[in-house]
Amino acid sequence: MNLDFDMSLAKRYNSNSQITRVLTEDWFARNMYCPICGKQTIQKVKANAPVKDYICENCKSQYELKSKRVNTDSFQSIVADGEYTTMINRITSLDNPSFFFMHYDEYRVNNLIIVPKCFFTPTIIKELKPKSDNNSNF
């Protein structure tokens with residue numbers, strides 16, 4: 001398995017967040033299979049589907065991919081999400097997704113783990129506060 005991202009895809013974008021999204025989603029789509037039924041490919045869903053990035057067309061399992069650039073092997077125990085209410089509604093629904101957590105550094109995947117949907121509860125989701133134009137980042 002090639003752990004490197006396809007950097008040719010980044011040429012079309014200027015925003016770091018867009019580049020990250022495109023690179024990680026492309027790598028995932030090319031390399032991931034359905035861990036539930038073993039189907040060789042899983043499909044990207046339409047853009048802006050709430051808390052669902054991929055679906056297995058065979059068993060209908062749903063997956064959300066969360067990516068983060070880090071240079072450590074440890075994972076956080078809290079999931080931060082900008083759409084808190086949407087996230088809570090999805091993880092408490094009957095068709096909630098399982099999550100893949102990807103760590104990458106230097107445009108290469110370091111870690112990829114799956115957390116099955118049965119382990120997600122509202123207590124592990126952290127609501128992100130809106131960024132203020134007056135806040136400075138030091």
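Reckoned from all heavy atoms, side chains included, excluding hydrogens, waters and symmetry mates. For clarity, every value in this text was computed on a predicted model and none was experimentally measured.
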Check: Tyr54 and Lys52 side chains under 4.5 Å, non-hydrogen atoms: no
Side chains of Ile42 and Phe28, heavy atoms from C-beta outward: is any pair under 4.5 Å? yes
Where is the tightest heavy-atom contact between Pro97 and Lys117, given as atom of each residue plus distance? O-CB, 3.2 Å
Side chain to side chain contact (heavy atoms under 4.5 Å, CB included), that's the test. Do Ile114 and Phe99 meet it? Break it down for me. CA-CA 6 Å; Ile114 183 171; Phe99 283 73; over 6 Å; no
Atom CZ of Phe5 and atom CD of Glu106: how far apart are they, to the nearest 0.5 Å? 11.0 Å
Output all residues satisfying ring pair (Phe, Tyr, Trp, His ring centres under 6.0 Å) with Tyr107, sequence neighbours left out; order by chain, then residue number. none
Any side-chain heavy atom of Tyr33 within less than 4.5 Å of one from Lys39? no
Minimal non-hydrogen separation, Val70 against Asn110, with atom names: O-ND2, 3.6 Å
Minimal heavy-atom distance between Asp6 and Asp26, with the atoms involved, is CB-OD2, 3.8 Å
Using a cut-off of 6.0 Å, state whether more than 12 heavy atoms not belonging to Asp95 lie near its atom CG. yes
Nearest 0.5 angstrom please: Asp105 CG to Asn111 CG, how far? 11.0 Å
Tell me, please, which residues at least two apart from Tyr63 pass ring pair (Phe, Tyr, Trp, His ring centres under 6.0 Å). Phe100
Under a 4.5 Å cut-off applied to non-hydrogen side-chain atoms, are Met1 and Leu3 in contact? yes
Could you check whether any side-chain heavy atom of Ile88 comes within less than 4.5 Å of a side-chain heavy atom of Ile125, counting everything from C-beta outward? yes
What are the two closest non-hydrogen atoms of Arg30 and Asp4, and how far apart are they? NH2-O, 4.2 Å
Would you say the side-chain atoms of Trp27 pair up with the backbone N or O of Met32, donor to acceptor, closer than 3.5 Å? no
Verify side chain to side chain contact (heavy atoms under 4.5 Å, CB included) between Cys37 and Ser61, making sure each step is shown before the conclusion. CA-CA 9 Å; Cys37 74; Ser61 294; over 6 Å; no
On a heavy-atom basis, the closest approach of Leu9 and Val22 is CB-CG1, 3.8 Å
Which atom pair, heavy atoms only, marks the closest approach of Ile91 to Pro122? CD1-N, 3.8 Å
Side chains of His103 and Arg108: does their closest heavy-atom pair fall under 4.5 Å? no
In the structure I gave you, are the side-chain heavy atoms of Cys34 and Cys59 within less than 4.5 Å of one another anywhere? yes
Side chain to side chain contact (heavy atoms under 4.5 Å, CB included) between Asp53 and Lys44: does it pass, once the steps are laid out? CA-CA 6 Å; Asp53 294 324; Lys44 179 88 173 104; 4.1 Å; yes
Connected hydrophobic set around Ile55, excluding itself, where side chains approach under 4.5 Å: Val45
Could you grab the distance from atom CZ of Arg21 to atom OG of Ser67, nearest 0.5 Å is fine? 11.0 Å
Are Ile36 and Leu94 joined in one hydrophobic group, where the rule is that I, L, V, M, F, W and Y side chains link up if heavy atoms are under 4.5 Å apart? no
Are Val109 and Met102 side-chain neighbours, meaning at least one heavy-atom pair lies under 4.5 Å? yes
Would you say Ser93's side chain and Arg90's backbone share a donor-acceptor pair under 3.5 angstrom? yes
